[in-house]
Protein chains: 2
Amino acid sequence: MTLPAPLRPLSAGVGNSNDQARRHNLSTILTMLHHGGAQTRAQLTRLSGLNRSTIGALVTELVELGLAYETEPADSGLVGRPSPVVHAAENVVALTVNPDVDAITIGLVGLGGVLHKRVRYETASVPSVRETINVVSAVIDGMRSELASSYRVVGMGVAVPGLVNQVDGLVLLAPHLDWSNEPLAETVEAALGYPVSVANDAALATVAESLFGAGRGVSDLVYLNGSASGIGGGALVGGTMLRGAQGFAAELGHTMVNSSGIRCHCGKYGCLETEVNLGRLLDVLGLGAVGLDELDALVVGSQAPDVRAEVNRQLDVLAVAIGNFISIFNPESFILGGFLGSLYEADPERLRAAVKRVTFNVVGNSVRIDRAELRSRLLTIGAAELVFGGLLTDPAGTSF
Amino acid sequence: MTLPAPLRPLSAGVGNSNDQARRHNLSTILTMLHHGGAQTRAQLTRLSGLNRSTIGALVTELVELGLAYETEPADSGLVGRPSPVVHAAENVVALTVNPDVDAITIGLVGLGGVLHKRVRYETASVPSVRETINVVSAVIDGMRSELASSYRVVGMGVAVPGLVNQVDGLVLLAPHLDWSNEPLAETVEAALGYPVSVANDAALATVAESLFGAGRGVSDLVYLNGSASGIGGGALVGGTMLRGAQGFAAELGHTMVNSSGIRCHCGKYGCLETEVNLGRLLDVLGLGAVGLDELDALVVGSQAPDVRAEVNRQLDVLAVAIGNFISIFNPESFILGGFLGSLYEADPERLRAAVKRVTFNVVGNSVRIDRAELRSRLLTIGAAELVFGGLLTDPAGTSF
DNA sequence: CGGTATATGTTTCAAGGGTCAACAAAGCTC
DNA sequence: GAGCTTTGTTGACCCTTGAAACATATACCG
């Protein structure tokens, strides 16, 4: 019998509980630096509630571990001895990979969420796992000497549009990439030699927006992303990601919103994803594949009646889905990314009003609806967070 | 700025970190006894991973606090020194109240989930808050001497069918009781003198089923309850209850399942609650108000075509909702209570098959659908858990 | 410009908790 | 009854945090 997390005592297994306390506090400080940015030791002391001496010891240890560094105090203009500024070490980095139908994006992100580098490699066709590995391998080879001299690579995070079991890195199904039952973490790890973590792209986007985007400081939010490959989502519940028993939770695009709707590629009828759909939007616009920024201008700006009608239809359907999610999650904030952000921007008031019609007043009136902030950096930042997770949990225990 | 829970360091605020560790471990042991039943010290040692000496110290402290007691070792038949059995103190109790449209149920529950007493007081009409307090007050007065001599009352838990903010005990809206904006915790506390906690009834039912019912040992589950007053639900996510930003999450009865459905009393159209409905079931059965047990026999046993047709219709609609919830939560287990349990029992295979049609295979095939186990004890046990929560979190710090 | 107040880093020490090892106790096995 | 096995008990030890005293660096004020 394994105890569930909340029942696990301090010092379960090996080591004494003092170790646990130390680990926890070390983790707290590094996390504060990574998510909250550089801060003075005095600020860390106040925010953490820990003692001055303890903060001193913890910061010293983080510096020795190469995970933080201190700089001269900034001129604060306040009385008292100046407090040195503590930074998370930006040269501690995560490699990130985001395979998509038409391109593979590789990134290098440092602690603190700094985007050091990003390469977008366009592919002729939908990439297979092998092709993806080859591309990534080639790109990394090109950076090899720089990686060795200037950075410390913690690991690699992969954001996959599909059903992923985050624990073992198995991609069960990624319909748009035509991948299924791929032991991705294992394969990539064997090929490239870095520790690899894999997760669903929308889940990672949710994490990224909640830490560095429109959801900063919010502990209950729902994120909904619209792309050419459909609608994905994620939910932050009480500050932690909703994962579900097998890690397949928050498949928000495949919830029913129209009982007389058409058949979705998943086999069901009236899914949110088939009703609110980029393809149908492009159809009325008379366009083929198009970049999200370009689309945004077209959708937001268009006065053509048939475009407005389709936008309105999609907004109304979207409102029903949002209403359901609000009833289910009672989030503080609702964030829309991808073309859903454009839809929202086209008529925010229509969406807000429609959502209010389908929620209890108290709940519906208090939820904030926002557009996602991190555009192209979204998945890169999110995938890095996946890698940093382990380091942040146990800064002293992770060797790399 | 308040730090979110995962960022809070050990020993935030006052006290040193050893205190925190001690508190946590004490909490762990008491929780193990309360939820897992009486166990030997040796078992506690193995399950917790803590040291023999530590367990000894912790148990001694719990005994001194009057929260546990030890009994002679049972004849195990094994070699080695016999280990004394540690029990949670059953005389440490929670008072529980469950106001409903036609009755008020008052209970007395001991640590370990022992139901010591239960009184059901039938009311002539839907009780107001004042009437509820009067009834509860009278019942408690009748037990006063016994309470004082044999029990230690930790507090009172109230399960309310409606929107409740668990943090401040404000009942925002309980449509079937016709309560709104009632500062219930405050009022009851002032009238009766016990510390009072209030929560949504379905949320408490979820907790109860997950700890002592069909959801034992499961950390991701969704519970759906059907009663005369509609459909309520709760979700356990990674071992913790889904609450939402204001505590109004999991209003599962008011999610849309039929876009051409009829108007719900909440103002929306096609809510699960209006489509899957006890009233419509009673109509085809030609009955008025009826007990759940009686209904169960009728629904499960009936061969009448119109009854079967309505049961099937409701099952199919229910399946759509369950499918949505499965896509959203990816739970390990789905639990149906109240008349939804009867519906399920009437044709489990139809429901299972219908659910499979509206979920991804991997997800839909692995989810267990069960009927709730705790029938009439459900809310009493759940409301007690609400009271015990504080005690379990900090056994040494709670004075009562 | 120098003294004072304020805030913060640094050092040392005490308090508290958990582990470990040694020993004692209590039952089973032969 | 001797030996084995398991578990409770006790005291030494280590670790971490907090508190206090001291050191340091800045602003403020006359």
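This structure is a prediction, so every number in the text was calculated from the model and none was measured. Proteins get letters first, then strands, A, B, ... in listed order; numbering begins at 1 in each.
At a threshold of 4.0 angstrom between heavy atoms, the contacts of A:P84 are confined to the sugar-phosphate backbone, with no base atom among them. In this structure, B:I55 reaches neither bases nor backbone, as no heavy-atom distance under 4.0 Å exists between it and the strands shown.
Ion pair B:E209/B:R216 not flagged as a salt bridge, since none of the NZ, NE, NH1 or NH2 atoms sits closer than 4.0 Å to an Asp/Glu carboxylate oxygen.
Nearer to the 5' terminus of DNA chain D, by closest-nucleotide assignment, is the contact made by B:R46 (compared with the other of B:R46 and A:G80).
Contact check, B:N25 against C:dG18: a side-chain N or O comes under 4.0 Å of OP1 or OP2. Under 4.0 angstrom from either OP1 or OP2 of D:dA21 there lies no side-chain N or O belonging to A:R52. For B:R22 and C:dG16, the shortest distance from a side-chain N or O to OP1 or OP2 is not below 4.0 Å. The phosphate of D:dT9 (OP1 or OP2) has no side-chain N or O of B:S53 nearer than 4.0 angstrom.
In this structure, B:L78 atom CG and D:dT7 atom P are separated by 8 Å, rounded to whole Å. Protein atom CD of A:Q20 is 16 Å distant from nucleotide atom C1' of D:dT17, rounded to whole Å. Atoms CD (A:E61) and P (D:dT17) sit 9 Å apart, rounded to a whole Å. Remark: C1' of D:dA25 and CD of A:E72 are 12 Å apart, rounded to the nearest angstrom. Between the CG atom of A:D19 and the P atom of D:dC13 there is a distance of 19 Å, rounded to whole Å. Counting to the nearest Å, the P atom of C:dG17 and the CG atom of B:L58 are 10 Å from each other. Taking atom CG of residue A:L50 and atom P of nucleotide C:dT8, one finds them 15 Å apart after rounding to whole Å. If you measure from atom CG of A:N51 to atom P of C:dT10, you get 13 Å, rounded to the nearest angstrom.
Not one N or O on the side chain of A:Q246 forms a donor-acceptor pair closer than 3.5 Å with the backbone of B:N330. Although no hydrogens or angles enter the test, the distance criterion places a donor-acceptor pair under 3.5 Å between the side chain of B:T96 and the main chain of B:G107.
Classification of the B:H35-B:F212 ring pair by plane angle, with boundaries at 30° and 60°, yields perpendicular. By the 30° and 60° cut-offs, the orientation of the rings of B:F388 relative to B:H34 is perpendicular.
Listed nucleotides C:dT8, D:dG8, D:dA19 differ in distance to A:S83; the shortest reach to its side chain belongs to C:dT8. Nearest to the side chain of B:R81, among D:dG18, C:dA26, C:dG18, sits C:dA26.
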